[in-house]
Amino acid sequence: MKKEIIINAAANETRIAITEDGRLAELFVETANKEKMVGDIYLGKVAKVMPGIRAAFIDLGLGQDGFLHFSDIGSRFEEYNTLIEDEEEEEDEESGGHHSDGSNGQNGGGAGESRSHGRQGGHRPATPAVEAPPRHPGKEALLEKGQEIIVQIIKEPVGKKGVRVTSEVSLAGRFLVLLPFDNKVGISKKITNFKEKRRLRRIAQGILPPGFGTIIRTVAEGKEESSIKNDLEDLIATWREIEKTVKAEKAPCLLYKDLATTSSVIRDLFSNDVSRVIIDSKKLHREIRAYIKYTSPQLLDKIEWHKDRAPIFDAYGVEKEIETTLARKVWMKSGGYIIIEPTEAMVVIDVNSGRYAPKKEQEQNSLRTDLEAAREITRQLRLRDIGGIIVCDFIDLEDEKNKKKVYEELKKEFRKDRAKVTVLPMTEFGLVQITRQRIRQNILHSFTEPCPTCAGTGLVQSKTTTLNQLERWVRRFKTETKETRITLRINPSLAPALREGTISRLRRIMLKYFVLIKLEEDPSIPIGEFRMISRKQDRDVTDQFK
């Protein structure tokens with residue numbers, strides 16, 4: 001499979017396309033007001049602990065609190081807490097060991113007690129005179145309101161939901177992922193050669209300082225020890241800076257900003273299986289070359305600068321394919337198509353053959369369409385970065401073997417997906433249920449915003465319904481007042497329905513209710529709404545008689 005990374009950099013937007021065999025497979029968009037947040041590390045403050053939903057909300061200073069599920073509180077929580085407490089102890093020493101609560105600066109309960117509470121604005125709970133018996137509380141006992149906590153963003157905000165965070169921090173490098181306060185050495189499952197895995201594990205164990213663990217990334221395969229060691233030293237230096245920031249700052253604050261989208265794509269995805277990287281920005285081209293020269297010099301020849309006058313996405317056919325990411329209907333080569341319908345709870349995908357087939361050929365025709373749809377659905381889910389629950393309604397198949405073929409095709413195609421995906425076998429109704437890891441916002445949010453007229457529903461109130469509401473309003477107005485003149489403001493699209501006919505709808509309303517209505521067209525008024533202005537009072541009285 002031929003894989004390419006194409007980067008289009010503009011003044012306020014950067015777009016990164018990943019193509020597979022010439023077709024768009026993934027798309028990343030970064031704008032000035034929508035920066036990547038996954039990977040950022042914060043010193044936060046617990047705003048709420050909610051045992052009922054097994055979660056806490058963490059104030060990160062972002063406007064919306066971060067969501068910390070108890071399952072995301074890792075086994076190294078106490079070690080991270082100690083890092084915060086070390087800073088508190090330094091403050092105590094600087095103040096001569098005097099505490100506002102009258103204690104002598106020593107916590108007789110030991111480190112275990114203080115770690116369970118963390119920093120609370122310089123105040124620590126008094127230690128009981130008698131040591132309490134050991135107990136095994138739930139994870140909610142580790143957190144309390146006002147406590148400071150180190151967290152890392154693992155999911156971007158989606159809609160009204162804030163970011164999701166974890167207390168297990170990791171730092172991604174080119175070849176390694178550094179795990180503070182851990183001692184394990186993991187290796188990417190994509191490295192299958194046993195001897196290479198053993199070599200890499202030996203290298204990592206030989207260079208890791210105490211108190212750190214690591215995960216060896218796929219791109220480390222075949223790399224020299226010196227390259228891996230340099231990557232580790234850079235990551236440890238970054239962690240030391242984070243430790244200094246924790247000691248110098250108060251929550252909430254940003255401790256570490258992960259690489260921007262473009263840099264992280266190059267760091268994470270530019271490997272030997274990528275045939276080339278094409279960039280249309282000379283500045284960005286220089287920066288990427290400098291980074292790759294330092295980390296993977298053997299890949300330098302694969303980096304190209306797009307010098308042509310034609311826009312880079314036009315030259316490589318990407319721009320046309322981006323249009324399909326905005327379309328509700330996606331056509332397939334066979335003449336069939338899929339319909340993608342996002343809802344509040346899930347995304348529903350409907351598969352249609354688009355053509356008639358004789359009954360005796362129906363099963364094979366349906367199978368061909370379903371197999372093609374399976375490939376297109378996996379591609380669209382990656383391309384649009386759709387997460388959560390997805391339900392696919394395939395064309396009905398009679399043969400169980402054919403149903404299994406569609407299921408196996410989906411599983412095979414999802415192996416290309418970096419997100420975690422679970423696929424269930426096809427039901428007797430032809431439905432396939434999928435869950436896909438949601439990390440960042442659906443790509444549609446980068447290109448679109450809800451329609452101000454329909455509020456994103458795709459539907460507006462019918463003209464007949466609006467006219468009936470308007471007439472009922474006039475009736476209430478005349479019942480409750482003695483006024484006879486009013487100005488009606490409506491969207492221009494509704495005006496013909498009021499004016500048309502020998503005796504127009506507007507004239508019939510005026511005659512029926514003995515009121516003079518002056519009609520004004522106003523494009524700023526949404527379709528399906530109207531505004532009524534009392535000419536006697538010279539003010540809007542619409543809501544008064546609704």
Side-chain angles (χ1 to χ4, degrees), residues 35-46 56 58-62 65-66 68 72-91 94 111 114-115 117-122 142-143 147-156 163-186 204 207-217 228-261 263-264 267-268 291 294-295:
E35 290 186 341
K36 171 178 166 286
M37 300 176 73
V38 168
D40 294 354
I41 300 173
Y42 281 83
L43 178 61
K45 186 175 285 186
V46 178
I58 312 297
D59 178 12
L60 305 175
L62 296 175
D65 290 341
L68 174 65
D72 292 318
I73 298 176
S75 58
R76 305 292 172 182
F77 181 79
E78 290 191 353
E79 282 84 346
Y80 286 103
N81 238 6
T82 305
L83 183 64
I84 297 172
E85 289 163 7
D86 286 345
E87 184 274 340
E88 186 186 48
E89 287 165 9
E90 286 181 16
E91 287 179 357
E94 287 172 7
S114 63
R115 277 199 295 267
H117 292 281
R119 186 167 68 200
Q120 303 255 356
L142 298 172
L143 302 172
Q147 171 184 345
E148 292 189 358
I149 179 174
I150 297 171
V151 293
Q152 185 169 34
I153 295 176
I154 55 174
K155 285 186 182 179
E156 300 277 359
V163 297
R164 182 162 180 167
V165 299
T166 177
S167 74
E168 291 279 80
V169 169
S170 62
L171 290 174
R174 175 70 173 158
F175 306 119
L176 304 172
V177 176
L178 184 68
L179 307 173
F181 304 115
D182 207 327
N183 295 310
K184 72 179 181 185
V185 175
I207 62 177
L208 267 175
F212 289 97
T214 189
I215 297 171
I216 301 169
R217 310 188 73 176
I228 296 171
K229 187 177 181 181
N230 289 340
D231 196 39
L232 177 65
E233 288 173 352
D234 289 345
L235 291 172
I236 289 176
T238 301
W239 178 249
R240 297 304 181 204
E241 287 299 317
I242 291 172
E243 289 179 324
K244 288 179 185 176
T245 309
V246 169
K247 294 175 181 179
E249 300 291 340
K250 296 287 184 183
C253 74
L254 177 68
L255 297 175
Y256 168 74
K257 179 73 182 169
D258 196 21
L259 296 178
T261 302
S263 302
S264 64
R267 178 192 68 193
D268 300 340
Y291 173 70
Y294 174 69
T295 59

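Just so you know, residue 1 is the first one in the sequence shown, and it goes up from there.
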Excluding sequence neighbours, so at least two apart, what forms side chain to side chain donor-acceptor pair (under 3.5 Å) with [X]?
X	answer
Tyr256	Asp258
Asp234	Tyr294
Asn230	none
Glu233	none

Which heavy atom in [X] sits nearest to a heavy atom in [Y], and how many Å separate them?
X	Y	result
Lys229	Ile207	CA-CD1, 3.8 Å
Ile153	Lys155	CG2-O, 3.4 Å
Ala251	Gly44	CB-O, 3.5 Å

[atom2] on [Y] to [atom1] on [X], rounded to 0.5 Å:
X	Y	atom1	atom2	value
Ile228	Leu176	CD1	CG	6.5 Å
Phe181	Arg76	CZ	CZ	10.0 Å
Glu168	Phe77	CD	CZ	10.5 Å
Trp239	Leu178	CH2	CG	8.5 Å

Going by the rule side chain to side chain contact (heavy atoms under 4.5 Å, CB included), which residues pair with [X] if we only count those two or more places apart in sequence or in a different chain?
X	answer
Asn183	none
Leu255	Ile41, Leu43, Ile150, Ile242, Thr245, Val246, Cys253
Pro209	Phe212, Leu232, Ile236

### Task
Report yes if the side chains of Ile149 and Leu68 come closer than 4.5 Å at any heavy-atom pair, otherwise no.
yes
### Non-hydrogen side-chain atoms of Ile58 and Asp65 separated by less than 4.5 Å
no
Short side-chain to backbone donor-acceptor contact, [X] and [Y], under 3.5 Å:
X	Y	result
Ser167	Val151	no
Glu156	Lys36	no
Arg217	Gly173	yes

Could you work out, with salt bridge (Lys or Arg N to Asp or Glu O under 4.0 Å) as the rule, every residue matching [X], not counting sequence neighbours?
X	value
Asp40	Lys257
Arg174	none
Arg164	Asp72
Glu241	Lys244

### Message
Using the rule side-chain contact (heavy atoms from CB on, under 4.5 Å), only one of Leu235, Asp231, Ile216, Thr214 pairs with Phe175; which is it?
### Response
Asp231
